[in-house]
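Notes for the one structure printed next.
From a predicted model like this one, the values you see are computed outputs, not experimental measurements. FYI, the numbering just counts along the sequence from 1.
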Amino acid sequence: MDLLTSFLFADWLTKPVWMWLMFLGIVLALLVIDLGVLHKEHKEISARESLVLSAVYIGLGLSFGGWVWWSLGPNSGMEYLTGFAVEKALAMDNVFVIAMIFAFFAVPLKYQHRVLFWGILGVIVLRAIMIGFGAAIVSEFSWVLYIFAVFLIATGIKMIVFADREYDVAKNPLLAFMRRRFNVTDEHHGEKFFVKKLDPETGRLAWFMTPLFLALMLIEVADVIFAVDSVPAIFAITTDPFIVYTSNIFAILGLRALYFALAAMVKRFHYLKLALAVVLIFIGSKIFVAPLLGLEKFPPAISLGVTFGILALGVAYSLWKTRGAPREKLT
């Protein structure tokens with residue numbers, strides 16, 4: 001018992017092991033409920049169900065933030081909520097890319113949830129690696145935060161300059177590589193990622209990748225690209241690995257529900273991308289502003305208020321500017 005207690009209360013990445021286990025237990029339970037109970041049968045997910053699930057996931061993320069606020073203090077709570085808001089906004093931008101990938105491969109609506117579920121599992125692992133790597137670098141070389149800050153400012157400016165440039169799935173280099181190096185079939189085979197069929201070149205049975213698997217790979221790569229923005233952003237908000245990882249994962253967990261709720265009307269959030277660009281510039285800039293103001297760290301309350309204000313203004317202006325726009329039909 002003493003060994004167990006010592007293990008549970010031992011620090012790992014600045015927090016007791018039991019905190020990490022509690023968080024991972026919550027994530028595992030949500031994934032099991034999602035796939036094993038709510039969506040064990042392949043079916044189309046209605047907009048109403050998507051909105052309800054999305055609200056539940058947002059509520060759980062905010063509730064966890066409330067627990068962080070209560071157990072680790074107001075500053076940690078505000079840092080978590082700021083990171084959660086930024087990651088959620090980036091996830092909404094990611095929804096547009098996912099919708100284009102599904103449309104390109106003509107993925108049936110009832111199988112899209114399966115692709116997104118396995119995509120989320122990949123995201124959880126990839127983000128853990130990237131955040132762990134980032135935390136190790138920042139702890140050893142604090143000046144790396146200034147590099148992150150410059151990168152965020154440059155990314156924000158780039159998002160503003162190229163706001164109207166659309167993602168072209170057909171020109172994705174990974175897609176070209178996979179089609180060149182592996183057996184790929186253009187036909188869907190239900191929920192299967194791989195299928196065994198006759199190879200026209202050899203006349204023998206061989207394994208082929210299906211469009212469902214290609215879509216999954218492109219979604220994973222898209223998340224890595226988005227993570228290049230979001231991970232530096234959250235480290236510019238806080239260097240606490242626990243807050244960085246939990247805020248990221250709780251925001252991403254609801255991505256599937258968010259996708260089905262917003263994919264058909266994603267263009268109504270056109271100006272959210274501009275608001276997100278401003279947020280990234282703000283987050284990067286405050287790393288330089290704080291020392292100039294004689295502050296050790298930019299006040300979390302101001303950071304949270306400005307972030308929420310900019311994102312809320314972006315959403316409100318987008319909805320007002322595109323009022324009356326028709327919904328798009330999903331694949």
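- When side chains are defined from C-beta on, Asn248 does not count as touching Met130, because their heavy atoms never get closer than 4.5 Å.
- Criterion: ILVMFWY side-chain heavy atoms under 4.5 Å apart, direct or through other members. Under it, Phe208 and Val184 are not part of a common hydrophobic cluster.
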Which donor-acceptor pairs under 3.5 Å do side chains of residues 133-148 form with protein atoms, sequence neighbours excluded?
residue : atom : partner : partner atom : Å
Ser139  : OG   : Ala135  : O            : 3.2
Ser139  : OG   : Ala136  : O            : 2.8

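- Ring centroid separation for the pair Phe64 and Phe84 does not come in under the 6.0 Å cut-off.
- For Ser303 against Thr82, the heavy-atom pair with the smallest separation is OG-CG2, 4.0 Å.
- Hydrophobic clustering of Ile, Leu, Val, Met, Phe, Trp and Tyr side chains at less than 4.5 Å, counting indirect connections, keeps Leu304 apart from Leu313.
- Taking CZ from Arg114 and CH2 from Trp118, the interatomic distance works out to 7.0 Å, rounded to the nearest 0.5 Å.
- Between Ser247 and Ile234, the shortest heavy-atom contact is OG-CD1, 3.6 Å.
- Put simply, Leu24 and Ile129 are part of two different groups of oily side chains (I, L, V, M, F, W, Y) that touch within less than 4.5 Å, one to the next.
- Closest of all the heavy-atom pairs between Ala301 and Met78 is CA-SD, 3.3 Å.
- Within a 6.0 Å radius of CZ in Arg180, more than 12 heavy atoms belonging to other residues, nucleotides or ligands are found.
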Exercise. What do the steps show when you test Leu274 against Tyr317 for side-chain contact (heavy atoms from CB on, under 4.5 Å), and what is the final call?
Worked result: CA-CA 11 Å; Leu274 294 176; Tyr317 185 72; over 6 Å; no
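- For the pair Asn183/Trp207, no side-chain contact is recorded, criterion being any heavy-atom separation below 4.5 Å from C-beta on.
- Once rounded to the nearest 0.5 Å, the distance linking CG of Asn172 with CD1 of Ile101 reads 7.5 Å.
- Thr14 approaches Asp240 most closely through the heavy-atom pair OG1-OD1, 3.4 Å.
- Using a distance-only test at 3.5 Å, with no hydrogens or angles considered, a donor-acceptor pair links the side chain of Lys286 to the main chain of Ala236.
- Annotation for Leu311 and Ala89: closest pair CD2-CB, 3.8 Å, computed over non-hydrogen atoms.
- Under the 3.5 Å distance criterion, the side-chain polar atoms of His189 are left unmatched by any main-chain donor or acceptor of Lys196.
- Within the 4.5 Å cutoff, the side chain of Val115 has heavy atoms near those of the Phe102 side chain.
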Problem set entry | side-chain contact (heavy atoms from CB on, under 4.5 Å) between Ile124 and Leu31, worked out | CA-CA 11 Å; Ile124 291 173; Leu31 292 175; 3.9 Å; yes
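- With sequence neighbours excluded, the residues satisfying ring pair (Phe, Tyr, Trp, His ring centres under 6.0 Å) with Trp20 are Trp12, Phe242.
- Across Tyr245 and Ile131, no two heavy atoms sit closer than the pair CD1-CD1, 3.6 Å.
- Taking OG1 of Thr155 as the start and CG of Leu280 as the end, the distance is 7.0 Å to the nearest 0.5 Å.
- In terms of modelled atom types and a separation under 3.5 Å, the side chain of Glu79 and the main chain of Pro300 share no donor-acceptor contact.
- Rounded to the nearest 0.5 Å, atoms CD1 (Ile160) and CG (Leu276) are 10.0 Å apart.
- Here CG of Leu21 is found 11.5 Å from CD1 of Ile26. Values are rounded to the nearest 0.5 Å.
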Exercise. Yes or no on side-chain contact (heavy atoms from CB on, under 4.5 Å) for Phe182 and Phe177, after CA distance, side-chain angles and deciding distance?
Worked result: CA-CA 8 Å; Phe182 302 102; Phe177 173 80; 4.0 Å; yes
Anything under 3.5 Å between a donor and an acceptor, one on a side chain of residues 210-226, the other on a protein residue two or more places apart or in another chain? List them.
residue : atom : partner : partner atom : Å
Thr210  : OG1  : Lys192  : O            : 2.7
Thr210  : OG1  : Phe193  : O            : 3.1
Thr210  : OG1  : Leu212  : N            : 3.4
Asp223  : OD1  : Arg127  : NH2          : 2.9

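- In this structure, CZ in Phe105 is found 12.5 Å from CD in Gln112, a value given to the nearest 0.5 Å.
- Placement of Phe194 and Leu198 in two distinct hydrophobic clusters is found when ILVMFWY residues are connected by side-chain heavy-atom separations under 4.5 Å, directly or transitively.
- Transitive grouping of hydrophobic side chains (ILVMFWY, heavy atoms separated by less than 4.5 Å) keeps Tyr111 and Val195 in distinct clusters.
- Remark: the backbone N or O of Val68 is not paired with any side-chain donor or acceptor of Ser76 at under 3.5 angstrom.
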For this session: Would you please test Phe23 and Lys15 for side-chain contact (heavy atoms from CB on, under 4.5 Å) and show each step?
Result: CA-CA 12 Å; Phe23 167 70; Lys15 293 294 180 289; over 6 Å; no
